[in-house]
Participant: 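Below you will find the structure I want to go over with you.
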Amino acid sequence: MNFASPSTAIPSDSPEARNYNRIRRWVGLADFGAGLLLLLVLLATGWTGTLRDLALNMSSHSYTLGVFFYVAMLLLLGKLVGIGLDYYSFRVERRFQLSNQRFRSWLWDQAKGFLLGLVLASIIVELLYFVIRQFPQTWWLITWAAFLLLFVLLAQLAPVILFPIFYKFEPLDNEDLKARLVKLSEKAGTQVRGVYRWKLSEKSKKANAALTGLGNTRRIILADTLLDNYSPEEIEAVLAHELGHHVHRHIFKGIAVQAATTLLGFWVANFALHYVLDHWHIFETLADFANLPLLALTSTLLSFLALPALNAFSRFNERQADRYAFRSISSIGPFISAMNKLAEQNLAERVPSKWVEWFFHSHPAIARRIESAEQWAAARPVHA
Ligand SMILES: [Zn+2]
């Protein structure tokens with residue numbers, strides 16, 4: 001693709017958009033670095049052992065309760081280290097006029113997010129050390145299988161339990177749009193159980209849409225910031241794209257890829273745990289939960305290394321969903337104008353630098369998506 005002579009349908013990026021995205025990338029990297037540093041310090045200084053002793057004292061030496069206290073203290077430390085950057089991100093969104101969330105509402109979201117993280121992390125870590133204690137040889141394989149089940153369950157519950165903690169959703173009441181979706185679905189020989197209006201405007205000025213859930217919670221969610229500002233044809237193009245994800249079974253494929261990466265992750269974690277136990281003697285046993293920062297460090301580093309590959313997989317799926325949309329809608333004009341509106345509204349970079357797109361972007365650059373649409377239309381001048 002040649003960006004030297006961009007299509008006339010693609011306006012160039014404003015300095016504001018470039019600046020905003022540059023800041024966001026640095027904040028993301030700083031956040032990642034701070035988390036990594038915390039884990040390294042805990043391990044190198046042996047403070048993780050002090051924390052473990054404290055947790056066991058607090059729980060009168062009950063192992064299970066001790067794990068919970070340890071996780072709570074670790075998350076609290078993580079929050080203390082990261083809260084400054086979280087606040088800075090909040091200020092950045094306000095500064096670029098992308099957010100209308102008040103400070104109190106933001107603080108409340110932080111509290112809810114922390115509690116939700118604590119509940120999920122406790123379940124996961126209790127399960128992890130229970131299995132390590134029962135099956136010290138095969139723990140990594142058993143935990144992997146258990147995590148997979150948990151992951152599928154969470155994917156199913158997310159739209160009905162997790163998302164509503166932060167946002168309100170209501171079934172879409174626009175008859176015209178519903179009729180368009182039914183027509184699109186019939187053409188695809190499939191059905192999505194529901195389309196929901198996602199009240200994003202309470203917190204953000206950005207627009208968004210997504211396919212979420214599994215089985216009977218599978219649904220398309222459309223932000224009110226999109227529904228209220230885009231033409232029916234533009235919304236139809238977005239719906240067609242989300243339907244493309246459904247038709248190509250992208251959520252299922254995503255879980256399968258996640259399963260494979262996690263299996264590799266557990267294998268490496270087991271190796272790292274045994275290596276440190278044998279050579280460094282900073283933990284007493286495999287079941288000593290003071291080694292949790294080591295497991296977290298391994299998974300954080302692996303996720304970071306896997307990011308470009310996972311993003312490439314995601315961009316492949318997005319291109320597939322786009323092509324599905326091109327085939328389903330009667331003209332690509334609304335798709336292109338919707339893309340441009342999204343870029344404008346979300347202050348996205350239409351043409352990010354190559355390495356930025358390669359490493360950070362889960363979606364193809366908007367300029368590429370528009371060019372694909374134009375190429376698709378040029379190859380098929382008459383719509384069948
Ligand atoms: Zn998509």
Side-chain angles (χ1 to χ4, degrees), residues 1 10 21 155 158-159 163 167 169 172 177 180-181 184-185 187-188 190-198 200 204 206-214 217-227 229-230 233-258 307-329 332 334-352 356-376:
M1 219 154 286
I10 308 167
N21 285 287
F163 302 163
Y167 295 100
F169 293 90
L172 189 69
L177 279 178
R180 283 173 193 263
L181 178 73
L184 281 172
S185 307
K187 228 192 265 180
T190 179
Q191 63 156 337
V192 174
R193 277 165 228 267
V195 181
Y196 286 76
R197 183 184 176 86
W198 165 18
L200 185 59
S204 176
K206 291 180 174 176
N208 211 336
L211 175 73
T212 63
L214 273 181
T217 66
R218 172 63 52 86
R219 60 192 59 189
I220 291 174
I221 57 176
L222 294 168
D224 53 356
T225 43
L226 185 125
L227 285 167
N229 299 305
Y230 291 59
E233 288 74 23
E234 286 167 344
I235 298 170
E236 186 180 9
V238 174
L239 271 174
H241 170 92
E242 300 305 335
L243 201 62
H245 283 307
H246 175 70
V247 170
H248 288 291
R249 302 166 63 78
H250 285 159
I251 290 188
F252 172 78
K253 287 176 188 166
I255 291 175
V257 166
Q258 199 75 44
L307 196 61
L310 292 177
N311 274 338
F313 170 69
S314 171
R315 289 195 300 270
F316 175 82
N317 288 343
E318 294 300 333
R319 282 195 294 273
Q320 214 171 29
D322 275 355
R323 282 195 300 273
Y324 180 85
F326 305 157
R327 283 200 299 275
S328 316
I329 53 184
I332 53 135
F335 177 90
I336 292 175
S337 62
M339 282 293 128
N340 275 323
K341 268 191 184 175
L342 276 170
E344 208 71 45
Q345 193 174 354
N346 296 355
L347 214 54
E349 280 177 300
R350 292 178 174 87
V351 193
V356 162
E357 185 181 3
W358 175 76
F359 199 89
F360 291 101
H361 282 223
S362 60
H363 287 62
I366 284 185
R368 285 183 201 278
R369 296 177 76 176
I370 291 177
E371 285 196 343
S372 303
E374 288 175 333
Q375 279 167 6
W376 191 91

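Residue numbers run from 1 in the order of the sequence given. Every number for a ligand or one of its atoms is a count from 1 in the order of the listing.
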Participant: Out of the N/O/S atoms in H241, what is the name of the one closest to the Zn ion (ligand 1)?
Facilitator: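 Among the N, O or S atoms of H241, the one closest to the Zn ion (ligand 1) is NE2.
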Participant: Within less than 2.8 Å of the Zn ion (ligand 1), any N, O or S from H245?
Facilitator: yes
Participant: Which residue, L172, I329, L222, forms the side-chain contact (heavy atoms from CB on, under 4.5 Å) with L239?
Facilitator: L222
Participant: When F335 is tested against each of W376, Y324, F326 for ring-ring contact (aromatic ring centres under 6.0 Å, His included), which residue passes?
Facilitator: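 Of the listed residues W376, Y324, F326, the ring-ring contact (aromatic ring centres under 6.0 Å, His included) partner of F335 is F326.
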Participant: For a quick test of your reading: what N or O donor-acceptor pairs under 3.5 Å do the side chains of residues 359-367 make, sequence neighbours left out?
Facilitator:
from : atom 1 : to   : atom 2 : distance (Å)
H363 : NE2    : E318 : OE1    : 3.4
H363 : NE2    : E318 : OE2    : 3.3

Participant: Is it possible for you to check whether R249 lies under 6.0 Å from the centre of the six-membered ring of F252, through NZ or CZ, and within 45° of that ring's axis?
Facilitator: yes
Participant: Closest to the Zn ion (ligand 1), which N/O/S atom of E318 is it?
Facilitator: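 Output for this pair reads OE1.
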